[in-house]
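Written below as structure tokens is the structure these notes are about.
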Amino acid sequence: QVQLLESGGGLVQAGGSLRLSCAASVRNVTSYAMAWFRQAPGKEREFVAVVRPIGLNTRYAGSVEGRFTAYRDNAKNTLYLQMNSLKTEDEADYYCATRKRTIICATGDEYEFWGQGTQVTVSS
């Protein structure tokens with residue numbers, strides 16, 4: 001069973017930065033695409049970023065491109081999300097997700113395993 005544990009959320013002022021981490025308990029992490037999603041109160045879950053396991057190609061949601069950087073350290077089985085220039089609209093619970101496929105995907109329903117989430121609060 002795959003387990004994902006996010007950390008790094010917290011309170012930050014608009015314009016500030018945070019780095020989220022997601023530690024994955026998997027074997028052969030290079031078989032898994034890993035992604036970040038987020039869900040704000042009263043809103044649907046939305047895709048944020050995804051990183052391929054090999055080659056480390058990434059895809060971002062338009063709303064975060066240029067401000068967020070997703071990357072992974074396969075040696076540490078960890079996915080990261082560096083968030084810069086945070087806006088109040090970035091405030092949400094952020095979730096790490098993974099699936100045992102190497103093809104990247106931005107659809108949440110395609111992911112088999114999810115973390116418990118970490119809260120990001122952005123003050124104006």
Taking all atoms of both residues into account, what is the closest heavy-atom pair of Ala92 and Ala40, and its distance?
-> CB-N, 3.8 Å

Reported CZ-to-SG distance for the pair Arg59 and Cys105, which is rounded to 0.5 angstrom = 7.0 Å

Heavy-atom closest pair, residues Leu18 and Gly8 = CD2-O, 3.8 Å

Contacts of Asp90 meeting salt bridge (charged side-chain N to carboxylate O under 4.0 Å, His left out) (sequence neighbours excluded), chain-then-number -> Arg38, Arg67

Residues at least two apart in sequence or cross-chain that pass side-chain contact (heavy atoms from CB on, under 4.5 Å) with Ile103, listed by chain then number, are Arg99, Arg101

Check the pair Arg52, Thr102 against side chain to side chain contact (heavy atoms under 4.5 Å, CB included), reporting the backbone distance first and the verdict last.
-> CA-CA 6 Å; Arg52 285 192 70 181; Thr102 59; 4.2 Å; yes

What donor-acceptor contacts under 3.5 angstrom involve side-chain atoms of residues 117-124, with partners at least two apart or in another chain?
| residue | atom | partner | partner atom | Å |
| --- | --- | --- | --- | --- |
| Thr118 | OG1 | Gly9 | N | 3.1 |

Partner set under ring pair (Phe, Tyr, Trp, His ring centres under 6.0 Å) for Tyr80, not counting sequence neighbours = Tyr71

Give a yes or no on whether the backbone of Ala33 and the side-chain of Thr98 come within a donor-acceptor separation of less than 3.5 Å.
-> yes

Look at atom CD of Gln13 and say whether more than 12 heavy atoms of other residues, nucleotides or ligands are closer to it than 6.0 Å.
-> no

Above 12 or not: heavy atoms from other molecules or residues under 6.0 Å from CD of Gln3?
-> no

Search all heavy atoms of Val29 against all heavy atoms of Met34 and return the closest pair with its distance.
-> CG2-SD, 4.4 Å

Shared hydrophobic cluster for Met83 and Val48 (ILVMFWY, side-chain gaps under 4.5 Å) = yes

What's the spacing between Phe68 CZ and Ser17 OG if we round to 0.5 Å?
-> 9.5 Å

Residues in ring pair (Phe, Tyr, Trp, His ring centres under 6.0 Å) contact with Phe37, at least two apart in sequence or another chain | Phe47, Tyr111, Trp114

Between CG on residue Leu79 and CG on residue Leu20, distance to nearest 0.5 Å = 9.0 Å

Can you list the residues that meet the ring pair (Phe, Tyr, Trp, His ring centres under 6.0 Å) rule with Tyr60, with sequence neighbours excluded?
-> none

One should read off an interatomic distance between Trp36 CH2 and Tyr95 OH, to the nearest 0.5 angstrom, of 12.0 Å

How long is the gap from CD on Gln82 to OG on Ser21, to the nearest 0.5 Å?
-> 9.5 Å

Neighbour count >12 (heavy atoms, 6.0 Å) for atom CD, Glu44 | no

Atom pair CD (Gln39) and CG (Asp93), whose distance is rounded to the nearest 0.5 Å | 7.5 Å

According to a 4.5 Å side-chain heavy-atom criterion applied to Ile, Leu, Val, Met, Phe, Trp and Tyr, with indirect links allowed, do Leu81 and Phe113 form part of one hydrophobic cluster?
-> yes

Would you say the side-chain atoms of Asn74 and Thr30 include a donor-acceptor pair closer than 3.5 Å?
-> no

